[in-house]
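The shown structure was predicted, so the numbers you read here are calculated from the model rather than taken from an experiment. Counting from 1, the numbers follow the sequence of the chain as shown. All values below were derived from every heavy atom in this structure, side-chain atoms included, with hydrogens, water molecules and symmetry-related copies excluded.
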Amino acid sequence: MPIRPFRADHVGSLLRPQRLKKARAKFNNNEISQEELTQIENEEIERIIEKQIEIGLHSITDGEFRRSWWHFDFLENINGVEGYTPEHGLEFEGVETRPHNVRVVDKVSYNPQHPHFEHFKFLYDKVDGRATAKVSIPSPNQLFHPNILNEEVYPNIEDFAHDIAKVYHQSLQKFYDLGARYIQIDDVYWAGLTEGTQKVRGRQRTDEEKVEARELAYKVINEAVDGLPDDLVLTTHICRGNYQSTWAISGGYEAIAPYLFKEHLHGFFLEYDDDRSGDFEPLRYFNKEAYAVLGLITSKTPELEDKELIKQRVKEAQQYVDLDHICISPQCGFASTEEGNRLTEEEQWAKLEYIVELANELLGSAD
């Protein structure tokens with residue numbers, strides 16, 4: 001594949017079919033075995049692999065069908081990190097999530113038995129070279145949200161930053177060894193460092209704390225990815241929250257752009273589906289060698305966006321990024337958690353097929 005994201009791309013998570021939801025509920029109630037659940041997961045993943053290929057996508061994911069959350073399932077399988085049930089969930093716009101979180105309980109280290117490696121291997125084998133099997137994992141920056149780091153374990157945050165970057169470097173290399181050539185790092189943390197309102201993870205940071213956090217955030221990513229094989233495509237997705245079609249954080253890219261675009265990545269998936277994301281002007285800081293994957297299509301509602309408006313938005317973005325370095329995607333996944341956004345599977349596929357159509361028409365290719 002080219003060393004870039006595809007011109008028509010997607011973030012990764014897909015709506016869980018009712019069959020899978022029912023199976024997971026039965027498993028949680030001890031009504032079926034892990035083997036029975038895994039078999040249903042396998043069958044549903046094979047189905048959506050074929051559907052993604054059928055509608056013309058070149059990056060193929062497993063829809064995150066084996067996960068309950070887009071991030072916790074990965075993070076709590078890192079050595080030194082545990083999942084737990086807090087008193088309350090995370091606060092979104094008018095909605096509180098299921099209560100779950102992670103915390104650092106010991107020195108973090110690479111887990112060679114991380115279950116996501118086997119999950120990827122299944123995807124890779126089933127795609128079988130017909131397209132590119134894509135991995136989406138949460139950013140190491142997710143562990144820098146307030147109240148996750150244990151200062152007794154890591155009195156010096158720089159030591160923690162180095163350790164978690166090493167964990168990610170080793171994990172990314174392992175995915176590569178298994179055949180991965182396209183990995184996306186999902187990062188909600190950056191949105192909390194904008195000048196907008198941070199609605200999750202405790203108190204609002206001071207401006208000085210935000211500057212320090214922005215500096216550390218891009219350095220952690222660079223330490224994690226530097227030195228990986230040259231033919232590994234690495235992107236990031238910057239999100240403002242996605243839970244049952246609601247959101248958690250607002251704020252444009254202006255405050256974070258000078259730091260974010262220093263990350264040594266091939267592409268940046270950027271939310272641009274509504275006013276919460278601001279305008280394109282912060283793209284003046286964009287790394288001209290990278291690719292801007294514009295999330296102009298919302299995954300939160302079923303209506304297809306007006307094509308003329310999308311054309312106009314692409315034209316506006318061209319003031320800062322060459323057309324040859326622009327891609328199109330949904331602004332987020334369709335099911336960051338297993339609950340999923342408020343649209344049907346048919347409406348989800350229509351959105352993704354529309355993105356392929358837009359890329360072919362506006363950018364010259366979906367590849």
Side-chain angles (χ1 to χ4, degrees), residues 1-2 4-17 20 38 40-74 114-139 171-172 174-176 178-187 232-239 242 265-269 293 295 297 299 327-338 340-341 343 345 348-356 359 366-367:
M1 66 171 290
R4 58 165 173 79
F6 292 102
R7 306 304 292 279
D9 220 317
H10 65 126
V11 171
S13 67
L14 297 169
L15 294 170
R16 313 300 199 263
L20 181 56
T38 297
I40 292 172
E41 290 172 342
N42 290 348
E43 292 170 4
E44 292 299 327
I45 288 169
E46 289 188 65
R47 180 179 65 84
I48 62 164
I49 287 172
E50 299 308 316
K51 184 64 176 180
Q52 289 171 82
I53 293 173
E54 175 191 325
I55 66 174
L57 289 170
H58 295 277
S59 59
I60 309 300
T61 77
D62 64 4
E64 302 178 7
F65 276 13
R66 302 190 201 274
R67 307 184 202 179
S68 181
W69 305 80
W70 66 275
H71 52 339
F72 292 145
D73 298 66
F74 183 88
H114 197 298
H116 281 46
F117 297 143
E118 281 301 314
H119 298 171
F120 170 73
K121 191 65 169 63
F122 180 87
L123 172 69
Y124 181 79
D125 289 344
K126 295 302 179 182
V127 172
D128 194 25
R130 294 174 293 160
T132 297
K134 174 180 175 179
V135 184
S136 298
I137 60 173
S139 168
S171 299
L172 294 168
K174 177 63 174 181
F175 279 121
Y176 180 89
L178 291 171
R181 295 298 181 268
Y182 187 0
I183 303 177
Q184 175 185 296
I185 299 169
D186 295 324
D187 207 326
L232 174 60
V233 178
L234 292 162
T235 65
T236 189
H237 167 237
I238 308 305
C239 180
N242 187 46
L265 303 171
H266 299 100
F268 294 80
F269 283 71
V293 187
I297 308 299
S299 66
C327 308
I328 299 176
S329 79
Q331 111 288 344
C332 196
F334 290 88
S336 299
T337 70
E338 59 187 325
N341 283 346
L343 64 169
E345 284 189 70
Q348 164 191 266
W349 295 119
K351 287 259 178 175
L352 291 171
E353 198 164 11
Y354 187 48
I355 286 167
V356 173
D367 190 349

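Remark: side-chain polar atoms of Arg67 are not paired, donor with acceptor, to backbone N or O of Gly63 under 3.5 angstrom. At least one donor-acceptor pair closer than 3.5 Å links the side chain of Asp73 to the backbone N or O of Ser68. Side chain of His58 to backbone of Pro5: no donor-acceptor contact under 3.5 angstrom is found. Formation of a donor-acceptor pair under 3.5 Å by the Ser136 side chain with backbone atoms of Gln184 is not found in this model. Put simply, the side chain of Thr132 never gets that close to the backbone of Ser59: no donor and acceptor are under 3.5 Å apart. A distance-only check finds no donor-acceptor pair linking the side chain of Asp62 to the backbone of Leu123 [under 3.5 Å]. Side chain of Arg181 to main chain of Ala133: no donor-acceptor pair is present (N/O by atom type, distance under 3.5 Å, no hydrogens or angles). Listed for the His266 side chain is a donor-acceptor partner under 3.5 Å among the backbone atoms of Leu234. For the pair Glu64 (side chain) and Trp69 (backbone), a donor-acceptor distance under 3.5 Å is absent. In this structure a side-chain-to-backbone donor-acceptor pair under 3.5 Å is present from Ser13 to Phe334.
Just one of Phe122, Phe74, Phe175, Trp70 meets the ring pair (Phe, Tyr, Trp, His ring centres under 6.0 Å) condition when paired with His116; it is Phe74. Looking at Thr61, Ile328, Ile355, Ile60 one by one, the single match for side-chain contact (heavy atoms from CB on, under 4.5 Å) with His10 turns out to be Thr61.
For OH of Tyr354, the number of neighbouring non-hydrogen atoms (other residues, nucleotides, ligands) closer than 6.0 Å is greater than 12.
Of all heavy-atom pairs between Glu353 and Ile55, the closest is N-CD1, 4.0 Å. Smallest separation of non-hydrogen atoms from Cys239 and Cys332: SG-SG, 3.6 Å. The two residues Val11 and Lys134 have their closest heavy-atom pair at O-NZ, 4.0 Å.
Salt bridge absent: Lys121 and Glu118 never bring a charged side-chain N and a carboxylate O closer than 4.0 Å. A salt bridge links Arg66 with Glu41: the closest approach of a Lys/Arg side-chain nitrogen to an acidic carboxylate oxygen falls below 4.0 angstrom.
No side-chain heavy atom of Phe72 sits less than 4.5 Å from a side-chain heavy atom of Pro138. Residues Phe6 and Asp367 are in side-chain contact: their nearest non-hydrogen atoms beyond the backbone lie under 4.5 Å apart.
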Practice prompt. In sequence, state the C-alpha distance, the side-chain angles, and the governing distance for Glu345 and Lys51, and then conclude on salt bridge (charged side-chain N to carboxylate O under 4.0 Å, His left out).
Written response: CA-CA 11 Å; Glu345 284 189 70; Lys51 184 64 176 180; over 6 Å; no
Worksheet item: side chain to side chain contact (heavy atoms under 4.5 Å, CB included) between Ile183 and Leu172: does it pass, once the steps are laid out?
Response: CA-CA 8 Å; Ile183 303 177; Leu172 294 168; 3.6 Å; yes
Worksheet item: Taking it one step at a time, do Tyr182 and Val135 satisfy side chain to side chain contact (heavy atoms under 4.5 Å, CB included)?
Response: CA-CA 6 Å; Tyr182 187 0; Val135 184; over 6 Å; no
